[in-house]
Amino acid sequence: MDALSALSAVHLPPAVRAAVESSPRVLVPQTRDELYQLALGPVGGPIHEVAYDVTTDEGMRRIVEATVTRCRNGLAVNYPEDYMRRRDPDCMRIADDLPTDKPRYRDVFGEEFAPTKAATLDWLGEQDLVVVPFKAGGPTFGYPSVALVPVNAAFFAVALVDLQGWVTFDELGEFTPRSILYVAPPFRHTTFGGRQVVVHDRTPDLHEVFAYNLYPGPSAKKGVFSVLLDIGEQEGWITAHASSVRVTTPYDNETVIMHEGASGGGKSEMCQEFRRQDDGRILLGTNVVTKEPYVITLAESSALAPVTDDMTLCHKSLQDSDGRLVIADAEAGWFVRVDNLRSYGEDGNFERACIHPDKPLVFFNIQGVPDATALPWEHTLDSTGKPCPNPRVVIDRSMIRGVLSEPEHVDVRTFGVRMPACTRDKPSYGIMGVTHFVPPALAWVWRLIAPRGDKNPSIGESKSENKVIKHGGMVSEGVGSYWPFSTGTKVAAANLLLRQLVDASRTRYVLTPNQHIGAYQVGFAAEWITREYLARRGGGRMRRDQLTPARCSLFGYTLREMKVDGQLVRPTWLAPEMQSQVGVEAYDEGAGIIKAFFKSELEQYLTDELDPLGRAIIEIVLKDGSVEDYEALTPMHI
């Protein structure tokens, strides 16, 4: 069967059909291996340059957008420009007239998108194309979709189908695409001044994503996330920006934890094991003033079975009357950041999966030597000579040890926040204790703002954000931390998230920091010890006398005592104001920073469209209410 015959059962828009039919050559791979071979270029490697002849103000020139190196265990994709190695947080543009709070194309560029859209389809119609189907949201619950990609950039299509799951047109049968992804890299230079731009053009039945760059983060990954958020907003469900894991204690108690947070907030790390020292002990943190290490001995830690990595489907068809949220993975493969792998042996199981995969993988920002093994800790160097902070690998979730593939009920939802160091000499907002229990109202407030600070390896910051974060401040990643990928309105997303939290009446909500607790540098150890503690408690109820209000009411309750495997966690980790290098004065200054930031960010939600319960919660924040005030609105399951 030729390519056009394979596409005959797909109901494409007329302009898209015309572009496909005018293409000099259309390829519809029947197997993943066939697509993989296309990614190596016309001669099969060892190095394939993804280049385009582009007409610019200086005339015609050849621009290399990426190189693809053939390695023993996969493709090593690298970009000549540092800028292209991370997602630009300001790349989304909305081309339609449906409700949105995101920048509209016409407002940014001073013209309608229609001429550029037509030019894009004309350009695609002049290219050799690879056309691949996929199911946005994964093989089980996903929505049939199509991608049009230039053949010379077939690596992008490999990454896309690895993330969404391999499917063929024969398997899908006759269908109308719910989303279409177009890839047209030269327009980055001819139309958008070298910037990453991803344009979303929505109708009630079709979400089109135009990717004008070849880093898959904002399109093949987050662009599909945008499609799911758009569909969910219409149908009344959410795709959460979260990882989740089933934790089984040494006593065989099982707890499912779902972890959310802004980029860099510890989602990938929630599914990772404790990092142990050579003697088996666990380094929880190091005092930044005294350099004193804080280590514990944990003979046996809980077993981890990952459920989701980044995009967690909370589809309405999954929910039941249990009182807990039911989730499934929205992806068939994971876009794993490996910046925390710096040498051999730091994560043996994952390293083994990368080095000896069941099928060749796609690596990004990893040094690749032709026909050698790409190693996940050999990160590409930026022009500064420093390792790229965003090395990635796309890995099939089935290659992850112990991964679970059935829907799971969530027992605990944790929320991670990157915290800077806080000391008497340098007060900051880094005052969150290791574990805080919060009522649903406060859980909603934290997710509404999703604060991000203290550096972030996943995305580039805008100049204004860089200035704020550099000086110890925070920026908001927005509703659910999925707001950067949403094409809708903030208030609609806020209402949907509030209903989800309130409806899960049998769920515990917990805050946990990473990077620092007061004067201690902790990395992600606080998140891991919180996970261990929560799992060992299992479904056991907390007594009220085990909790005490945190000094800052936005943190809800802290534990009076935290014991793991018979060892007490230091009280100064539960209440950082007790640390000798912090104290009450520095703590209160940090609390003031957080309160002021929250108030400034929340006022924008006070519109007529906001759920009345949401308005009541925000009013408590604005008047510095107590944790009891929040709990009066939304009872806390303990």
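These numbers come from a predicted model, not from an experiment. Because only heavy atoms are used, hydrogens play no part in the values below, and waters and symmetry mates are left out as well, while side chains stay in.
H379 places a side-chain N or O within donor-acceptor distance of the main-chain N or O of P376, the cut-off being under 3.5 Å. When atom types are taken as modelled, the side chain of Q196 and the backbone of Y83 share a donor-acceptor pair closer than 3.5 angstrom. R86 contributes no side-chain N or O that, together with a main-chain N or O of G217, makes up a donor-acceptor pair within less than 3.5 Å. A donor-acceptor pair under 3.5 Å links the side-chain atoms of S23 to the main chain of Q127, judged by distance alone. Between the side chain of R202 and the backbone N or O of T487, at least one donor-acceptor pair lies under 3.5 Å. The backbone N or O of G138 sits nowhere less than 3.5 Å from a side-chain atom of T140 that would complete a donor-acceptor pair. N73 places a side-chain N or O within donor-acceptor distance of the main-chain N or O of A374, the cut-off being under 3.5 Å. A donor-acceptor pair under 3.5 Å is absent between the side-chain atoms of E233 and the main chain of L229, judged by distance alone. Of the possible donor and acceptor atoms, none in the side chain of N365 sits under 3.5 Å from a partner among the backbone N and O of C388. No donor-acceptor pair under 3.5 Å is formed between the side chain of Q164 and the backbone N or O of D162.
Side-chain contact of Y79 with N213: a donor-acceptor pair under 3.5 Å is absent, judged by distance alone. R452 and S481 share no donor-acceptor pair across their side chains, judged by distance under 3.5 Å alone. Judged purely by distance below 3.5 Å, without hydrogens or angles, the side chains of W334 and D329 pair a donor atom with an acceptor atom. T308 and S244 share a side-chain donor-acceptor pair at under 3.5 Å.
Using a 30° and 60° split on the angle between ring planes, Y212 and F187 fall in the tilted class, from 30° to 60°.
Here the two rings, on H189 and Y52, have centers that are 6.0 Å apart or farther.
Between D371 and R70 there is a salt bridge, since at least one side-chain N of the basic residue sits less than 4.0 Å from a carboxylate O of the acidic one. Salt bridge absent: R337 and D310 never bring a charged side-chain N and a carboxylate O closer than 4.0 Å. Comment: K267 does not engage E527 in a salt bridge, judged by the lack of any side-chain N to carboxylate O separation of less than 4.0 angstrom. Between R93 and D90 a salt bridge is recorded (basic side-chain N to carboxylate O distance below 4.0 Å).
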| field | Candidate pair F156 and L181, rule side-chain contact (heavy atoms from CB on, under 4.5 Å), full reasoning | value | CA-CA 11 Å; F156 186 99; L181 173 59; 3.9 Å; yes

| E208 vs Y182, side chain to side chain donor-acceptor pair (under 3.5 Å): CA-CA, chis, key distance, verdict | CA-CA 8 Å; E208 295 178 285; Y182 311 89; 2.5 Å; yes

| task | Begin with the C-alpha distance, continue with both residues' side-chain angles, and end with the deciding distance and a verdict on ring-ring contact (aromatic ring centres under 6.0 Å, His included) for H241 and F485. | result | CA-CA 10 Å; H241 193 203; F485 328 124; 5.2 Å; yes

| side-chain contact (heavy atoms from CB on, under 4.5 Å) assessment of E65 paired with R188 | CA-CA 10 Å; E65 289 283 351; R188 181 168 77 92; 3.0 Å; yes

| task | Start with the C-alpha gap between E171 and K135, add the side-chain angles, then the distance that decides, and say whether salt bridge (Lys or Arg N to Asp or Glu O under 4.0 Å) holds. | result | CA-CA 11 Å; E171 292 169 338; K135 296 185 73 174; over 6 Å; no

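Within the structure, salt bridge (charged side-chain N to carboxylate O under 4.0 Å, His left out) pairs that include any residue of residues 137-156 do not occur (at least two apart or interchain). Residue pairs meeting the salt bridge (charged side-chain N to carboxylate O under 4.0 Å, His left out) criterion with at least one member in residues 372-382, sequence neighbours excluded, are R85-D382.
Among residues two or more places apart in sequence or in another chain, the salt bridge (charged side-chain N to carboxylate O under 4.0 Å, His left out) test is passed with R401 by E273.
F364 does not carry R392 over the face of its six-membered ring by the limits of under 6.0 Å from the centre and within 45° of the normal.
When every heavy atom of L381 is checked against every heavy atom of G385, the shortest pair comes out as CD2-O, 3.7 Å. Of all heavy-atom pairs between N514 and G265, the closest is ND2-O, 3.1 Å.
Taking a 6.0 Å sphere around CZ of R72, one finds it holds 12 or fewer heavy atoms contributed by other residues, nucleotides or ligands.
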